[in-house]
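Report on the following structure.
Positions are given from 1, in the same order as the sequence printed here.
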Amino acid sequence: MDYEDFGRETIQALNSHAAALDSMYRGIMTAAKVRAEIPNIKDIFQEMAEASKECDEVLEIYYGDEDPLPPDIRRAIQRVQDGLFNCANAFVSYMAIARLTLG
């Protein structure tokens, strides 16, 4: 696999994680708004862990490399990090609402 193929596959994997995280964020926020249980909570935490690990592995590959991280890969990593941030904040919001409504 050459450098271009690796970059393309990396971006595709990162974009897949970002899309999954966005979907999960919307699910958590919907659960918070309607005061329902979060569906598939274990799957959400698993996806968050896998997405984080994927970013870490990409950064390890490029760390110390003479070439800087390509902009398209950097943007893909940023989308995953934004998704992780949004999911974490959604969990905080959910917990705050749950605490207020649990009597």
Side-chain angles (χ1 to χ4, degrees):
M1 177 181 339
D2 66 2
Y3 187 75
E4 269 186 44
D5 289 338
F6 174 77
R8 203 170 18 259
E9 287 183 18
T10 298
I11 291 167
Q12 184 177 3
L14 291 171
N15 285 341
S16 177
H17 285 299
L21 290 167
D22 284 344
S23 175
M24 292 172 179
Y25 163 74
R26 288 189 301 276
I28 298 166
M29 291 306 292
T30 297
K33 288 177 186 173
V34 299
R35 292 168 173 77
E37 286 193 32
I38 298 171
N40 304 319
I41 195 165
K42 288 182 182 181
D43 295 338
I44 294 171
F45 282 116
Q46 181 69 32
E47 176 61 30
M48 290 175 72
E50 288 173 6
S52 179
K53 183 178 178 184
E54 183 94 25
C55 287
D56 184 51
E57 288 172 353
V58 170
L59 291 172
E60 280 185 24
I61 290 168
Y62 283 96
Y63 184 74
D65 200 353
E66 292 178 14
D67 295 327
L69 195 62
D72 49 351
I73 293 178
R74 194 171 46 246
R75 284 189 297 272
I77 289 173
Q78 185 61 55
R79 283 190 294 275
V80 171
Q81 290 175 333
D82 289 345
L84 289 167
F85 177 81
N86 290 339
C87 283
N89 281 335
F91 276 117
V92 170
S93 296
Y94 180 85
M95 294 308 297
I97 290 169
R99 195 171 329 135
L100 292 174
T101 59
L102 287 178

How long is the gap from NE2 on H17 to CG on D22, to the nearest 0.5 Å? 13.0 Å

Taking atom CE of M24 and atom CG of L84, what is their separation to the nearest 0.5 Å? 11.0 Å

Got a second to check how far S23's OG is from I44's CD1, nearest 0.5 Å? 8.5 Å

Kindly compute the distance separating CG (L21) from CD (Q81), expressed to the nearest 0.5 Å. 11.5 Å

Side chains of T10 and I61: does their closest heavy-atom pair fall under 4.5 Å? no

Using only atom types and a distance under 3.5 Å, with no angle test, would you say the side chain of S93 pairs donor to acceptor with the backbone of N89? yes

Could you go through K53 and D56, starting from their C-alpha distance and side-chain angles, then the distance that decides it, and tell me whether this counts as salt bridge (Lys or Arg N to Asp or Glu O under 4.0 Å)? CA-CA 5 Å; K53 183 178 178 184; D56 184 51; over 6 Å; no

Begin with the C-alpha distance, continue with both residues' side-chain angles, and end with the deciding distance and a verdict on side chain to side chain contact (heavy atoms under 4.5 Å, CB included) for Y25 and D82. CA-CA 11 Å; Y25 163 74; D82 289 345; over 6 Å; no

Separation of E50 CD from C55 SG (nearest 0.5 Å): 12.5 Å

Where do R26 and M29 land on the side chain to side chain contact (heavy atoms under 4.5 Å, CB included) test, with the steps shown first? CA-CA 5 Å; R26 288 189 301 276; M29 291 306 292; 5.8 Å; no

Looking only at heavy atoms, what is the nearest atom pair of F91 and M48, with distance? CE1-SD, 3.9 Å

In sequence, state the C-alpha distance, the side-chain angles, and the governing distance for R79 and R75, and then conclude on side chain to side chain contact (heavy atoms under 4.5 Å, CB included). CA-CA 6 Å; R79 283 190 294 275; R75 284 189 297 272; 3.9 Å; yes

Linked, directly or transitively: F85 and V80 (ILVMFWY side chains, under 4.5 Å): no

Minimum heavy-atom separation for R74 to L69, with atom names? NH1-O, 2.9 Å

Is there a donor-acceptor contact under 3.5 Å from the side chain of Y94 to the main chain of T30? no

